[in-house]
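Here the structure is a predicted model, which means the values were calculated and not measured.
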Amino acid sequence: MCGMPQQPPIRSTPARPPRPDASMSLLTNVMDHSLDDGYAEAAARKRAAGDGRLPKTLRAKLGLAAGLVLAAFVVTVGAAQARVAAPTVAKEREELVDRIDRETAAADELEESVDELRADVSARQREALRNSGGSDRLELVSILSGATAVHGPGVRLVVNDAKDTVAGGDGEPRGTSGFSDTGRVRDRDMQRVVNGLWASGAEAVAINGQRLTALSAIRAAGDAILVDNRPLVPPYTVLAVGDGERLSTRFQNSPDGLYLHALQENFGIRTGISVEDGLRLPAAPSVTVRTAQPHTQNTENTENTGKGTS
């Protein structure tokens, strides 16, 4: 026993404690190597070489600058074109204004010539009738036809729409499809008023300064009342020369006067009549002589002379 060599004693190393996540090696590997090695290498090379793209803020600033430059360019081009076209437009406008002025002056000259010719014709007519002893008849015919201005006693009749009346109302029209509001004065209302004044003894009648003749017409155009194709604006002031008191009484008691009173009671149309001592009515602007027969001392030659036109 003594002669055998002794072996050194074997020391045992203490065992390491197990890792808590030893059973989750797959998840641990994924967490430790979340990025593929190839992606990691590419990212490293990109960081080493530097990013070639511009920062977002710089790109936005450059885009804004480019937009401003483009807008300035468009404005500049438009202004340049406007400056180039301005002389042409101004020249055309000046030519148009000059043409309007010339045509207006020519129309004024023609109106003056027409007035002079009309006055000359009236003077010749008066002279012819005076020489034939018919001056009184001429004056009467001139008054009745509206060819001359008149003044004297008479009545003033004012007819106006109802209060707060506008075109295009919801009320039913009075028997026709002309005006759409029952509170508005219509052309046939004024026709009845004028005819009633004539029938009551009026010698001359005018509406809003428009003298009426045997050829006058009262019509409607849309919502407007026309007298001899001239539009009138309410209130409608009717002047009638005649025996004031008698004319007023006869008209108000006539069927047309009662019709006007019914419009006032039923539809709110405003009316007012008064007797005046000094009315003035202008002459009709377009009374022309279409046919004439010369007066001769020898009645046998009348048929030979025939009728002439003027």
* Asked: Taking Val238 as the fixed residue, which of Leu212, Asn208, Leu157, Val158 is the one that meets the side-chain contact (heavy atoms from CB on, under 4.5 Å) rule?
  -> Leu157

Given side chains that start at C-beta, do those of [X] and [Y] come closer than 4.5 Å, heavy atoms only?
X	Y	result
Val193	Tyr236	no
Leu260	Ile273	no
Asp187	Gln191	yes

Looking only at heavy atoms, which two atoms of [X] and [Y] are closest? And how far apart?
X	Y	value
Val155	Gly244	CG1-O, 3.4 Å
Ala283	Ala149	CB-N, 3.7 Å
Leu258	Gln252	CD2-O, 3.7 Å
Thr271	Gln264	OG1-OE1, 2.9 Å
Val185	Met190	CG1-SD, 3.8 Å
Ala240	Leu279	O-CD1, 3.6 Å

[atom2] on [Y] to [atom1] on [X], rounded to 0.5 Å:
X	Y	atom1	atom2	answer
Asp120	Asp115	CG	CG	12.5 Å
His151	Leu239	NE2	CG	14.5 Å
Arg219	Ile225	CZ	CD1	13.5 Å
Asn266	His261	CG	NE2	9.0 Å
Asn195	Arg188	CG	CZ	13.5 Å

Donor-acceptor contact present, side-chain [X] to main-chain [Y], <3.5 Å:
X	Y	result
Ser254	Phe251	yes
Thr76	Ala72	yes
Arg270	Asp161	yes
Asp228	Ala217	yes
Arg211	Pro282	yes

* To do: Decide, yes or no, whether a salt bridge links Arg192 with Asp256 under the criterion of side-chain N to carboxylate O below 4.0 Å.
  => yes

* Asked: Got a sec, which residues hit salt bridge (Lys or Arg N to Asp or Glu O under 4.0 Å) with Arg246, two or more places apart in sequence or on another chain?
  -> none

* Can you list the steps and then say if Ile207 with Ile218 is a side chain to side chain contact (heavy atoms under 4.5 Å, CB included)? -> CA-CA 10 Å; Ile207 303 178; Ile218 301 176; 4.0 Å; yes

* To do: May I ask you to check whether over 12 heavy atoms, not counting those of Asp98, lie within 6.0 Å of atom CG?
  => yes

* Asked: Do Leu247 and Tyr259 sit in the same hydrophobic cluster, where Ile, Leu, Val, Met, Phe, Trp and Tyr count as joined when their side-chain heavy atoms come under 4.5 Å apart?
  -> yes

* Asked: Are Val194 and Leu226 connected, step by step, through hydrophobic side chains (Ile, Leu, Val, Met, Phe, Trp, Tyr) whose heavy atoms are closer than 4.5 Å?
  -> no

